[in-house]
> 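I'd like to ask some things about the structure below.
Because only heavy atoms are used, hydrogens play no part in the values below, and waters and symmetry mates are left out as well, while side chains stay in.
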Amino acid sequence: MSVLVAFVAAVLVGCGTWLLLQRRLSRIIIGVGLLGHAGNMLLMVSGGRRGTAPLIGTGDPAGFSDPLPQALALTAIVITFGITLFLLALGFRSWQLTNDDVVEDDVEDRFIARQQRVDRDIADEILAEAAQAAEEDRR
Amino acid sequence: MKRLLVVDTSVRVVFHSILVLSLYFLFAGHNQPGGGFVGGLTAGAAISFRYVAGGVAEVRRAFPLRPWTIMGGGLLIGVLTAILPILSGNALLEHAAWEADIAILGTVKATSALPFDIGVYLVVLGLILMMFEAFGDDEAIDEAVGASVRGDALEADSVVSDLFELEQIRELQLRRSRRDQL
Amino acid sequence: MTALIPLPIAIPLLAAAISVIVGRSRQAQRVIGLVALASTTAISIALLIGADRDGILVAQSGGWPAPIGISLVVDRLSGIMLVTSALMLLAVLIFAIGQGGVERQHVAFHPMYLVLASGVAASLTTGDLFNLFVAFEMMLAASYVLITMGGRADQVRSGMTYVVISLVASTFFIVVLALVYTATGTVNFADLAGRIPQLPQGTQVMFAVALLVVFGIKAGLFPLFFWLPDSYPTAPGPVTAIFAGLLTKVGVYAIIRTQTLLFPAEAQLGTLLLVVASLTMAVGVFGAIAQDDMKRILSFHIVSQIGYMIFALGLFTVAGLAAAVFYTFNNIILKTSLLLVTGLVERRGGSSRLSEVGGLVRGAPLLGLMFALPALSLAGLPPFGGFVAKFAVFDAGVQSSEWVVVGVAAFVSLLTLYSMTKIWAGAFWGDPDDRPRQRPDTSDTLGGPALMMASTAAVVVIGVAVMIFARPLYSLSERAAEDLLEPIRYVSAVMGGRP
């Protein structure tokens with residue numbers, strides 16, 4: 001049983017990671033959702049042995065499954081629910097602003113990289129001029 | 001918005017039954033499956049039926065309180081249940097239970113987890129109402145979505161830019177020009 | 001005294017609820033926020049004094065004894081962090097009120113800020129690995145809203161990266177939790193401290209590395225820091241200040257707590273931590289040198305400074321841990337004050353870009369002073385608090401003969417000084433550019449509105465106070481370090497004498 005769950009978790013992680021590496025936020029959201037499910041599957045397995053539903057008064061407590069991982073998984077689900085909602089709102093806002101939900105590059109970073117290139121071009125120019133001047137001097 | 005008679009009528013039938021079910025989940029939650037979160041989500045399902053039938057206006061008619069107030073009230077109840085035991089010298093979130101014989105209902109057991117669950121229920125309900133409030137009511141955007149689905153990028157663009165305030169348009173242009181530079 | 005422990009979590013949360021309900025009146029929200037954070041500060045100070053005098057304070061929530069219920073624990077380290085964070089949260093709230101901006105425009109600012117305060121306190125006091133996850137999520141959920149508040153295009157762009165990265169880290173945290181629970185059957189810190197040493201050593205090291213990765217993403221360790229300099233600068237000014245000062249250090253706190261408490265000496269990651277620390281220091285400061293925007297320079301410096309804390313932690317000696325603790329709280333204060341000054345510079349000069357502002361020292365000498373004090377301290381010049389912190393780190397490194405890392409740290413602190421002088425020369429000397437992004441606001445004679453100036457000055461003064469009271473504060477850090485190296489004290493306090 002736990003091998004099956006672990007296998008399902010592995011498939012979910014695989015699909016989730018692939019989706020996470022996409023550029024569109026809508027796909028990333030689905031990817032994050034799948035990864036979250038995989039984590040919750042693992043939490044369910046972590047309880048160990050199988051058992052009946054751990055509800056007081058429904059049976060013999062010795063046959064119950066471990067309720068703690070279920071509580072942990074529920075908490076994690078609630079948190080993921082809220083944050084996925086926020087991500088959807090963010091994607092919607094992005095669509096409002098740019099007609100798209102593509103996660104873009106860090107503009108400032110590109111700007112700095114370009115700045116450096118400009119600096120290097122200027123430095124090259126200065127070096128070339130200096131070499132030319134030296135050439136003329138020698139002549 | 002165009003209303004459909006069949007949807008309208010069936011939602012009217014279903015809405016209250018789902019709300020009652022959500023309350024059942026809320027009160028059954030202590031020793032049985034259910035609880036504040038599940039109840040709140042069920043109530044959210046009921047609200048989404050109202051939304052499907054008549055848009056945000058219909059949702060507002062169903063819950064006249066502002067979503068902020070519902071959510072804040074829920075959080076307030078939840079936190080108060082958590083810290084009241086401290087004031088009486090017990091630990092945080094300390095649990096108490098009462099039993100009472102009430103006519104018709106028989107013996108009713110109430111625990112201090114119940115107000116906490118009610119708080120959670122209200123927070124979830126407020127969150128879902130807020131979601132419809134934020135994303136459900138923008139005719140201009142509906143128009144833009146329609147246009148972009150039709151593949152009419154130019155029209156969608158013009159509709160969307162109508163929505164922007166001046167500052168945001170300027171920022172967008174700045175960003176585009178910077179991207180072009182790169 | 002133990003009844004006070006849940007209050008730094010509960011009071012801000014209660015205030016957030018009331019703040020949501022009275023959303024229409026900004027004035028009421030302000031009063032509620034200030035009262036809540038001021039009382040949290042007072043309670044935190046009381047808790048620190050109590051923990052220093054009587055030893056580790058423990059509260060069991062729900063009245064359930066330790067491994068079953070969720071324990072809330074305040075030892076000296078938590079106490080120091082609680083006091084520092086509460087002071088910074090209060091000062092930055094006053095700054096935000098003085099600035100107006102997002103604080104005035106958005107109903108959600110005050111509630112979310114208070115939820116953030118509550119999440120930070122919960123992360124610092126919890127004695128339970130799963131509850132730490134929940135506390136982190138509380139803190140992060142509030143930070144998602146705060147970082148994108150305003151909804152500008154650049155905020156949405158960087159917000160996406162920030163949220164997705166944090167979500168991936170959280171998912172990984174859940175996976176680690178599932179593995180830890182499978183292996184040990186508990187998530188309580190004190191209980192784990194007893195059970196993890198019984199596992200095979202490979203498993204122990206695997207858990208130590210996995211937890212380091214989880215918290216390393218939040219703390220901004222190399223190579224997991226890349227999201228940080230991109231996302232923090234786009235947030236509204238005061239929000240950047242509190243994020244830069246506090247959030248990454250909560251990650252550092254979690255690293256210190258888990259690495260010292262949960263793992264026995266043979267599973268500790270000494271060498272790995274030292275290597276990661278050196279790379280974090282160096283890469284952070286090189287990134288900072290390349291930048292042109294003040295906020296981004298300082299954001300890269302956050303990364304670089306984290307390296308020093310992890311270096312001191314990686315030594316696993318009393319001197320090293322004492323240096324790590326001292327460095328961490330000193331750095332929270334310095335980073336917050338520098339970013340608050342940046343907020344003022346942005347207002348005064350119309351931009352935080354070094355190529356667009358300039359000559360501020362002529363019109364607003366007070367701003368220059370308020371930048372210079374923490375900047376010199378950050379660079380580690382005597383006699384400031386930053387010097388004491390850096391000296392303690394170097395001293396601990398020399399005692400353990402980690403010469404290479406000490407060399408890297410010394411080199412990096414030279415480069416830190418260089419980039420601080422770069423900010424000084426760019427923003428405070430020279431001439432202003434004729435076309436900054438926004439219109440400069442030079443109407444105030446002091447350099448900014450009184451409330452913003454006062455709160456910034458208060459944080460700077462706290463930074464100077466660290467210098468004046470360096471001796472007692474350092475010996476407090478030393479006592480905290482001794483506790484950290486004797487996990488048995490923590491375990492017996494939480495489990496109530498049972499092993």
Side-chain angles (χ1 to χ4, degrees), chain A residues 2 9 13 16-17 20 25 28-29 31-48 66 68-69 71-73 75-80 82-87 89-98 101-109 111-113 115-116 119, chain C residues 67-68 129-131 133-134 136-138 140-141 144-145 147-148 150-168 170-187 226-227 229-231 233-234 287 290-293 295-296 299 353 355:
Chain A
S2 58
V13 169
T17 311
L20 199 66
L25 191 64
I28 293 177
I29 293 172
V32 167
L34 290 184
L35 282 179
H37 291 325
N40 292 330
M41 297 288 277
L42 278 183
L43 267 181
M44 296 310 295
V45 188
S46 70
D66 188 351
L68 187 71
L72 302 188
T75 314
I77 289 170
V78 173
I79 290 170
T80 324
I83 292 172
T84 309
L85 202 59
F86 179 78
L87 261 179
L90 210 57
F92 181 68
R93 178 72 189 164
S94 166
W95 184 84
Q96 273 187 326
L97 288 170
T98 61
D101 67 341
V102 169
V103 179
E104 290 176 62
D105 287 337
D106 181 0
V107 185
E108 179 79 16
D109 196 47
F111 179 72
I112 299 272
Q115 202 83 343
Q116 232 91 30
D119 286 352
Chain C
I68 299 169
L129 198 57
F130 189 80
N131 202 34
F133 166 75
V134 176
F136 263 146
E137 287 309 311
M138 242 168 105
L140 289 172
Y144 301 151
V145 181
I147 211 165
T148 48
R152 294 197 322 266
D154 60 332
Q155 289 181 323
V156 170
R157 180 192 61 72
S158 65
M160 283 179 185
T161 330
Y162 177 67
V163 177
V164 171
I165 295 282
S166 307
L167 260 180
V168 171
S170 305
T171 311
F172 191 55
F173 200 168
I174 294 181
V175 172
V176 176
L177 272 164
L179 295 179
V180 168
Y181 189 78
T182 313
T184 61
T186 182
V187 282
F226 52 88
W227 56 271
D230 179 23
S231 48
T234 53
Q291 303 299 314
D292 178 50
D293 190 312
K295 284 182 174 176
R296 285 180 71 100
S299 297
R353 216 168 247 293
S355 51

> Counting only heavy atoms closer than 4.5 Å, note whether A/L25 contacts chain C via side chain, backbone, both or neither.
side chain
> Using the side chain to side chain contact (heavy atoms under 4.5 Å, CB included) criterion, which residues pair with C/T234? Sequence neighbours excluded.
C/D154, C/Q155, C/S158
> List the atom of A/M44, the atom of A/P69, and the distance in Å for their closest heavy-atom pair.
SD-O, 4.4 Å
> Tell me, please, which residues at least two apart from A/V13 pass side chain to side chain contact (heavy atoms under 4.5 Å, CB included).
A/T17, A/L35, A/A38
> Tell me, side chain or backbone of A/L42 under 4.5 Å from chain C's heavy atoms, or both, or neither?
both
> Between C/L129 and C/F173, is a side chain to side chain contact (heavy atoms under 4.5 Å, CB included) present by the stated rule, with each step listed?
CA-CA 10 Å; C/L129 198 57; C/F173 200 168; 4.3 Å; yes
> Using non-hydrogen atoms and a 4.5 Å limit, figure out which bit of C/Y144 sits close to chain A: side chain, backbone, both or neither.
both
> Heavy-atom distances under 4.5 Å only: say whether A/I29 touches chain C with side chain, backbone, both or neither.
neither
> So for C/V176, is it side chain, backbone, both, or neither that comes closer than 4.5 Å to the heavy atoms of chain A?
neither
> Judged by atom type as modelled, is there a donor-acceptor pair below 3.5 Å linking the side chain of A/S94 to the main-chain atoms of A/L90?
no
> Looking at A/I79, A/L20, A/L72, which has the largest count of heavy-atom pairs under 4.5 Å with chain C?
A/L72
> Can you measure from CE (C/M160) to CZ (A/R93) and round to the nearest 0.5 angstrom?
11.5 Å
> Using a cut-off of under 4.5 Å for heavy-atom pairs, which of C/T171, C/V175, C/D230 has the most such pairs with chain A?
C/D230
> Flag the one option from A/T84, A/D66, A/T80 with the top tally of heavy-atom pairs under 4.5 Å to chain C.
A/D66
> Among the options C/V145, C/V180, C/L177, pick out the one with the most heavy-atom pairs lying under 4.5 Å from chain A.
C/V145
> Using non-hydrogen atoms only, which part of A/L87 is less than 4.5 Å away from chain C: side chain, backbone, both, or neither?
side chain
> Would the C/F130 and C/F133 ring centres measure less than 6.0 Å apart?
yes
